[in-house]
Protein chains: 2
Amino acid sequence: MSVRSQLLKGILDGCVLAIIEKEEVYGYELSQKLQQYGLRDISEGTIYPVLLRLQKSNWIIGTMRPSESGPNRKYYSLTAEGKENLELIRKEWELLSVPITTILGGNKSERNR
Amino acid sequence: MSVRSQLLKGILDGCVLAIIEKEEVYGYELSQKLQQYGLRDISEGTIYPVLLRLQKSNWIIGTMRPSESGPNRKYYSLTAEGKENLELIRKEWELLSVPITTILGGNKSERNR
DNA sequence: CCTCTTTACCTTGCATAGCAAGATACCATG
DNA sequence: CATGGTATCTTGCTATGCAAGGTAAAGAGG
């Protein structure tokens with residue numbers, strides 16, 4: 001398994017929630033949005049299990065709607081519980097990413113001496 | 001499993017490598033250093049498997065040395081391969097943490113309007 | 001000498017989540 | 001009717017955090 005896959009673990013849920021918070025999206029669209037943001041190669045085998053899990057936890061709800069050109073789409077939106085948890089994840093991310101960046105990049109100032 | 005546990009996945013190796021890069025450390029010491037940096041509650045059940053895995057991959061090497069007050073300590077240092085991979089992980093972290101922070105915190109400017 | 005605490009190492013087993021691979025099906029184009 | 005893009009979901013593998021438990025050395029206190 002790649003380094004990248006492991007790095008993604010756990011935070012992908014937060015990213016999905018944050019995107020859904022802005023606007024209703026469907027799964028296929030979501031993988032494209034993630035790519036636009038710079039998270040490349042998030043396959044559908046990853047996205048759909050995430051969406052099903054989040055729905056099972058009652059953080060998002062999905063409703064099928066017909067598309068004008070193609071198969072039906074399942075649009076997701078955040079629940080109140082989902083919003084609360086997104087805020088939690090934002091705080092967790094802050095609490096972790098700051099020290100991690102410090103540890104990993106801790107010798108940048110030393111390099112410039 | 002907690003949100004935090006999942007967030008840690010994958011990046012913990014990089015943190016361990018980065019700390020070892022600065023100076024030789026032993027496992028027990030490592031968990032304390034991580035705490036000082038702000039990564040609390042990294043138990044020994046987490047640390048030792050990481051160290052064994054990294055040693056198996058030939059990214060670090062450990063040597064037992066007697067302690068003046070207590071049981072022997074196993075000090076770890078980076079191999080050349082370990083340094084290369086640490087650099088890789090640093091780049092991966094950069095490539096992931098930037099877009100993730102953008103996605104998660106994307107509406108901060110909107111909140112301040 | 002015995003017990004307790006601290007330090008220090010390691011193992012077992014579980015739950016979780018990314019993801020390759022594959023299945024199914026709708027619609028439009030040629 | 002075959003092809004390609006759109007769209008959903010499932011199966012099985014693997015990696016890894018971590019709770020829980022085990023072992024052992026050194027020093028302190030009784």
Side-chain angles (χ1 to χ4, degrees), chain A residues 1-17 24-35 39-57 59-60 62-76 85 89 92 96 100, chain B residues 1-17 24-35 39-57 59-60 62-76 85 89 92 96 100:
Chain A
M1 202 178 248
S2 71
V3 172
R4 189 175 161 282
S5 289
Q6 287 301 328
L7 285 181
L8 262 181
K9 285 213 174 183
I11 194 54
L12 187 55
D13 284 18
C15 293
V16 168
L17 288 174
E24 288 195 337
V25 288
Y26 55 99
Y28 194 82
E29 190 185 8
L30 197 56
S31 66
Q32 297 173 330
K33 293 235 173 199
L34 286 170
Q35 269 209 349
L39 295 184
R40 301 181 182 284
D41 307 317
I42 310 285
S43 78
E44 297 158 27
T46 301
I47 289 293
Y48 288 108
V50 167
L51 290 172
L52 293 176
R53 194 194 317 141
L54 292 177
Q55 190 174 33
K56 207 171 181 180
S57 305
W59 294 12
I60 61 179
T63 53
M64 284 296 268
R65 295 212 204 112
S67 164
E68 291 173 0
S69 62
N72 289 352
R73 298 167 173 171
K74 201 166 183 182
Y75 284 86
Y76 290 95
N85 279 287
I89 292 175
E92 296 273 12
L96 277 187
I100 288 170
Chain B
M1 201 178 248
S2 70
V3 173
R4 189 176 161 281
S5 290
Q6 286 302 330
L7 284 181
L8 262 181
K9 285 214 174 183
I11 194 55
L12 188 55
D13 284 18
C15 293
V16 167
L17 288 174
E24 287 196 337
V25 288
Y26 55 98
Y28 194 82
E29 191 186 8
L30 197 56
S31 65
Q32 298 174 328
K33 293 237 172 196
L34 286 170
Q35 269 210 348
L39 295 182
R40 300 180 183 285
D41 308 316
I42 310 284
S43 77
E44 297 163 27
T46 301
I47 289 292
Y48 288 109
V50 168
L51 290 172
L52 293 177
R53 194 193 318 141
L54 292 178
Q55 190 173 37
K56 207 170 181 180
S57 305
W59 295 11
I60 62 178
T63 53
M64 285 296 267
R65 294 209 205 113
S67 163
E68 291 174 0
S69 62
N72 289 351
R73 297 166 174 174
K74 199 166 183 181
Y75 285 86
Y76 289 94
N85 280 286
I89 291 173
E92 296 273 13
L96 278 187
I100 288 170

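Here is how names work: the chains are called A, B, and so on, in the same order as the sequence lines, proteins then strands, and each is numbered from 1. What you see is a predicted model, and the numbers here were worked out from it, not measured in a lab.
Every residue meeting the ring-ring contact (aromatic ring centres under 6.0 Å, His included) condition with A/Y26, not counting sequence neighbours, appears here in chain and number order: A/Y75. The salt bridge (charged side-chain N to carboxylate O under 4.0 Å, His left out) check on B/R65 picks up B/E24, with sequence neighbours excluded. Legend: residues meeting side chain to side chain donor-acceptor pair (under 3.5 Å) with B/N85, ordered by chain and number and at least two apart, are absent.
Residue A/K74 places no side-chain atom within donor-acceptor reach of the base of D/dT8, judged by atom type and a 3.5 Å distance cut-off alone.
The nearest whole Å value for the distance from the CG atom in B/L8 to the P atom in D/dA19 is 11 Å. As rounded to whole Å, 11 Å separates atom P of D/dC18 from atom CZ of B/R53. For the pair A/L54 CG and D/dC9 C1', the computed distance is 15 Å after rounding to whole Å. With rounding to whole Å, A/E68 atom CD is found 16 Å from D/dA7 atom C1'. Residue A/K33 contributes atom NZ, which lies 16 Å from atom P of D/dT6 at whole-angstrom precision. Separating the OH atom of A/Y48 from the P atom of D/dT10 is a distance of 12 Å, rounded to the nearest angstrom. Per the geometry, CG belonging to B/L51 stands 15 Å off C1' belonging to D/dC18, to the nearest Å. In this structure, CD of A/Q6 is placed 14 Å from C1' of D/dC18, rounded to the nearest angstrom.
When side chains are defined from C-beta on, A/S67 does not count as touching A/N72, because their heavy atoms never get closer than 4.5 Å. Taking the side chain as every heavy atom from C-beta outward, B/R73 and B/Y28 never approach each other to under 4.5 Å.
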- Query: Tell me, for nucleotides 20-25 of chain D in 5' to 3' order, what letter each nucleotide earns: B for a base near a protein heavy atom under 4.0 Å, S for only sugar-phosphate near one, - for neither?
  - Reply: B----B

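Residue A/Y28 has no polar side-chain atom (N or O) positioned under 4.0 Å from OP1 or OP2 of D/dT8. B/S69 has no side-chain polar atom (N or O) that falls below the 4.0 Å cut-off from OP1 or OP2 of D/dA26.
Evaluation of the salt bridge (Lys or Arg N to Asp or Glu O under 4.0 Å) test over residues 3-12 of chain B, restricted to residues two or more places apart or in two chains, returns none.
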- I would like to know whether B/Y76 and B/W59 meet side-chain contact (heavy atoms from CB on, under 4.5 Å); could you show each step before the answer? CA-CA 10 Å; B/Y76 289 94; B/W59 295 11; over 6 Å; no

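In this structure, the nucleotide among D/dC18, D/dT8, D/dT10 sitting nearest to the side chain of A/P49 is D/dT10.
The main-chain N or O of A/I42 is never found under 3.5 Å from a side-chain atom of A/T46 such that the two would form a donor-acceptor pair.
Note that the first and last nucleotides of DNA chain C, 5' to 3', having any atom under 4.0 angstrom from a heavy atom of chain B are C/dT7 to C/dA17.
Here the CG atom belonging to A/D13 is positioned 4.5 Å from the CZ atom belonging to A/R53, to the nearest 0.5 angstrom.
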